[in-house]
Amino acid sequence: MKREEEINRAIRELYELYGRNEITLEGIIRWAINYADAHPQSPWISVEERLPERVEKYQSADVLVRYRRGCNEYYFVTRYDYEYKDWNISNVTHWMPITPLPKGGEK
């Protein structure tokens, strides 16, 4: 679901719960916290939504990608190539940034 659709759905739920004329700031805050807890955001980003940021002249930073071959799904670390506007593997559907290790995690 696209972000705008999520926002519209959340607004409809808020109106159903409190009514348009009875919404208070406290009610909105309580509802928003409960909504966020019930709808955690996936770290996976659709390649149709956006691509990784460019960090070098022609490439993105390393990212973890999900791609399909036949009925199977695979995961691979790669970069997006902005010069050729492509990944170095085909059928990539989603990606996520690779976060750095925490301090002291290099043992």
Side-chain angles (χ1 to χ4, degrees):
M1 180 180 299
K2 299 257 187 230
R3 189 73 175 142
E4 189 64 29
E5 293 169 343
E6 289 180 25
I7 292 168
N8 289 335
R9 182 181 70 177
I11 290 169
R12 283 193 303 274
E13 288 182 22
L14 182 62
Y15 284 152
E16 288 172 12
L17 185 62
Y18 289 101
R20 286 185 181 266
N21 297 324
E22 297 180 18
I23 295 176
T24 64
L25 183 56
E26 180 182 348
I28 291 171
I29 292 169
R30 288 181 185 280
W31 178 86
I33 291 169
N34 290 331
Y35 187 88
D37 289 345
H39 300 88
Q41 188 173 6
S42 171
W44 289 101
I45 301 164
S46 169
V47 296
E48 294 177 5
E49 185 178 324
R50 69 182 166 99
L51 294 170
E53 291 181 30
R54 184 185 312 223
V55 294
E56 294 178 13
K57 186 173 182 177
Y58 297 114
Q59 293 187 333
S60 72
D62 287 338
V63 295
L64 180 64
V65 297
R66 186 185 113 191
Y67 66 100
R68 291 183 180 265
R69 288 255 162 82
C71 298
N72 299 315
E73 294 179 358
Y74 300 94
Y75 300 88
F76 188 73
V77 174
T78 188
R79 294 176 175 205
Y80 183 78
D81 188 313
Y82 280 92
E83 181 178 15
Y84 295 103
K85 297 181 175 39
D86 202 8
W87 303 92
N88 63 351
I89 54 176
S90 57
N91 302 319
V92 172
T93 61
H94 293 78
W95 65 276
M96 78 165 67
I98 299 173
T99 58
L101 290 172
K103 298 261 188 231
E106 295 145 3
K107 294 180 182 180

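With sequence neighbours left out, the side-chain contact (heavy atoms from CB on, under 4.5 Å) criterion links Pro97 to Ile45, Trp95. For Asn88, the side-chain contact (heavy atoms from CB on, under 4.5 Å) partners two or more places apart in sequence, or in a different chain, are Phe76, Thr78. Under the ring-ring contact (aromatic ring centres under 6.0 Å, His included) criterion, Tyr84 pairs with no residue at all, not counting sequence neighbours. Not a single side chain to side chain donor-acceptor pair (under 3.5 Å) links Arg54 to another residue, sequence neighbours left out. Here Arg79 pairs with Glu56, Asp62 under the salt bridge (charged side-chain N to carboxylate O under 4.0 Å, His left out) rule; sequence neighbours left out. With sequence neighbours left out, Tyr74 forms a ring-ring contact (aromatic ring centres under 6.0 Å, His included) with Tyr67.
Of all non-hydrogen atoms in Glu83 and Tyr58, the two that sit nearest each other are CB-CD2, 3.4 Å. The minimum heavy-atom distance between Arg69 and Ser90, with the atom names listed, is NH2-OG, 3.9 Å. Contact record, Trp44 with His94: CE3-CB, 3.8 Å, taken as the closest heavy-atom pair. Val55 approaches Ala61 most closely through the heavy-atom pair CG2-N, 3.3 Å. When every heavy atom of Val92 is checked against every heavy atom of Val47, the shortest pair comes out as O-CG2, 3.5 Å.
One finds the CZ atom of Arg68 at 9.5 Å from the CG atom of Asn91 (value rounded to the nearest 0.5 Å). Taking CG of Asp81 as the reference point, atom CG of Leu51 lies at 11.5 Å (rounded to 0.5 Å). With values rounded to the nearest 0.5 angstrom, Gln59 atom CD is found 11.5 Å from Tyr80 atom OH.
Trp87 and Leu64 are members of different hydrophobic clusters when ILVMFWY side chains are connected at heavy-atom separations under 4.5 Å.
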